[in-house]
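What follows is a set of notes on a single structure, which appears directly below.
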Amino acid sequence: MDLHEQNEMLARITDAFFAVNNDWEFTYVNEEASRLLCRKTEDLIGKCMWSEFPEAVHTSFYSQYQTAMHEQIRVEFDAYYPPLAIWFDVRAYPSSSGLSIHFHDISQKKGLSLQKEQHYESLFISNPDAVFAFDLEGHYVRVNPAMEKMLGYRSDELLSKSFMPLIPEEELAMTKKHFTKAAQGCTQHYETRAFHKNGMIIDVKATNIPIIVNDKVVGVYGIAKDITDENKNKTMLVQAEKLTAVGQLAASIAHEIRNPLTSLKGFIQLIERTVPEARKSYFKIIQDELKRIEVITSELLYLAKPQAQEFKPEQISRIIDDVVMLMGSQALIKNIELHAQHLEILPAIECVGIQLKQVFINLIKNAMEAMPDGGKIQIIASRPNEDFIAIQVIDEGQGIPPELIARIGSPFYTTKETGTGLGMMATMQIIHAHNGTLDISSREGQGTTIHIRLPVASSNPHH
Ligand code: ADP
Ligand code: MG
């Protein structure tokens, strides 16, 4: 084939094609290339590529061609050329005399895939679930707005950081295991917990999906949902169900006990008259004990149906002093010092006195039971601000492991052989009925403090 024929053939192949010498001067430009570049062949031949297309100097065309020329390797790439508004698919072949460059207009194909990308992009940006991508080491590569909201961090605070510091210690091993499995190609569904920026721990339902490119896992996608509220509602439901069960049980027991109790009381009174004077003291004891049974059954009935009790202004210091007196002798027997301390003159609070007494009795009993070898129990009442009275019940007992604190107050939760697991539940119920709060802090082996806050009486009951 002579030179003329060869040129003919090159001109006719559909690929756009041109060649440059080692000084980047055009030595050949076929028809298709001239069409795509919008330049006449004869205007280009002998001209330097970079002075004819100066806009290309700052694009990937420049770096790619330099590589091909200087390293004498074939390069292949997609790139956008803004002056012509065209996406090109380019292949450049080096030779000793320069480069030959083949290219296609792939704008149409690119446009479609760009549209597709935008499709997926909106799935990412507007997703109500947190969506994020990791590299294989578990560093965040991308996070969507829902993720920022869920954890309270801006994306720049997360990017290129590892997820691990965000997971509480006890969940970390399990969470890492799922991540690793996803990084090995297996999609994972699981529940874990994470730290919000504000320090709270949230419950999270997560899915980890391998990101696969050319048959290789290159990262992991995560989708996550905050299920803290959902879980709370679930536990509250369970708790409410248990409470109803307790209530029904309590009511029926109380009922069963009341009737025989009434006849016992009647007959005891009858017999009392026929008994010699020397034995009369026993009857006092019997009557006192029967009275106690009556009180207990009515308390059980209260648990079942908390009647609306009358709130009256009362001195909290009086209530505490009464309880301390009541419990004093028991404490003495157990070698426990029981002190009450009022740091300042406290205002009266709207309350049901006997219920608050019950609260302090429960708390002091628990404190005493936590100190089998004796020790000190302090009750400190103060007024940290206008609106609240704060009362702390502090013991030096065995303490409570941190993971068990949350369970205290659930019906029947007890660690004692003869415990009922109802004391703290009743206590919390009463405090809540008074619009107060109860918190527990504890150190194992050192002691426990129960913190109670009660609103000070005010003219506005909702205040
Ligand atoms: P009970 O006293 O019948 O066990 P409670 O509801 O009063 O039931 O208390 C529940 C559990 O909470 C107790 O079994 C105990 O494990 C724990 N607890 C409560 N108060 C204290 C305390 N002051 N020190 C240590 N543990 C406590
Ligand atoms: Mg108790």
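Both counts, for ligands and for their atoms, begin at 1 and track the order of listing. Heavy atoms only: backbone and side chains are in, while hydrogens, waters and symmetry mates are out.
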### Query
So which protein heavy atom does atom 17 (C) of ligand 1 come closest to, and at what separation?
I408 CD1, 3.8 Å

### Message
Between R74 and E76, does any side-chain N to carboxylate O distance fall below 4.0 Å?
### Response
yes

### Task
Please work out which of the three classes, parallel, tilted or perpendicular, describes the rings of F311 and H434, given edges at 30° and 60°.
tilted

#### Entry: Test applied, side chain to side chain contact (heavy atoms under 4.5 Å, CB included); reference residue, I452; option that passes from I316, D439, L438, L356
L438

### Message
Is the distance from the ring center of Y221 to that of F132 below 6.0 Å?
### Response
no

### Message
Under 4.0 Å between a side-chain nitrogen and a carboxylate oxygen: does that hold for K280 and E277?
### Response
yes

### Query
Can you tell me which residue and heavy atom of the protein come closest to atom 26 (N) of ligand 1, and the distance to 0.1 Å?
I400 CG1, 3.4 Å

### Task
Could you tell me whether a side-chain N or O of E171 sits under 3.5 Å from a main-chain N or O of P168, the two making a donor and an acceptor?
no

### Query
With a cut-off of 4.0 Å, which atoms of ligand 1 are near a heavy atom of A370?
24 (N), 25 (C)

### Query
Near the Mg ion (ligand 2), which protein N/O/S atoms are found at less than 2.8 Å?
N366 OD1

### Heavy atom of the protein closest to atom 2 (O) of ligand 1 (residue, atom name, distance)
K416 NZ, 2.7 Å

### Query
Do we see a donor-acceptor contact under 3.5 Å between the side chains of S160 and H139?
no

### Those atoms of ligand 1 less than 4.0 Å from some heavy atom in Y413
10 (C), 11 (C)

### Query
Can you tell me if N362 has a non-hydrogen atom under 4.0 Å from ligand 1?
no

#### Entry: Salt bridge E230-K225, side-chain N to carboxylate O under 4.0 Å
no

### Message
Within the 3.5 Å criterion, strictly below it, is a donor on N366 or K416 matched to an acceptor on the partner's side chain?
### Response
yes

### Task
Verify the distance criterion only: is there a donor paired with an acceptor across the side chains of E337 and H339 at less than 3.5 Å?
yes

### Identity of the nearest option to atom 14 (O) of ligand 1, non-hydrogen atoms only, from T415, N366, D395
T415

### Query
Should the proximity of T448 to ligand 1, defined as any heavy atom under 4.0 Å, be assigned to the side chain, the backbone, both, or neither?
side chain

### Task
Enumerate the atoms of ligand 1 whose separation from the nearest heavy atom of M424 is less than 4.0 angstrom.
5 (P), 6 (O), 7 (O), 9 (O)

### Message
Parallel, tilted or perpendicular: which one describes the rings of W87 and Y80, with boundaries at 30° and 60°?
### Response
tilted

### Task
Among all protein heavy atoms, pick out the one at the shortest distance from atom 4 (O) of ligand 1; state its residue, atom name and that distance to 0.1 Å.
T414 OG1, 2.5 Å

### Summary
Residue, atom and distance of the protein heavy atom nearest atom 3 (O) of ligand 1 read T420 N, 2.8 Å

### Message
Could you check whether D203 and N231, counting side-chain N and O atoms only, form a donor-acceptor pair closer than 3.5 Å?
### Response
yes

### Query
Can you check whether Q398 has an N/O within less than 3.5 Å of an N/O in ligand 1?
no

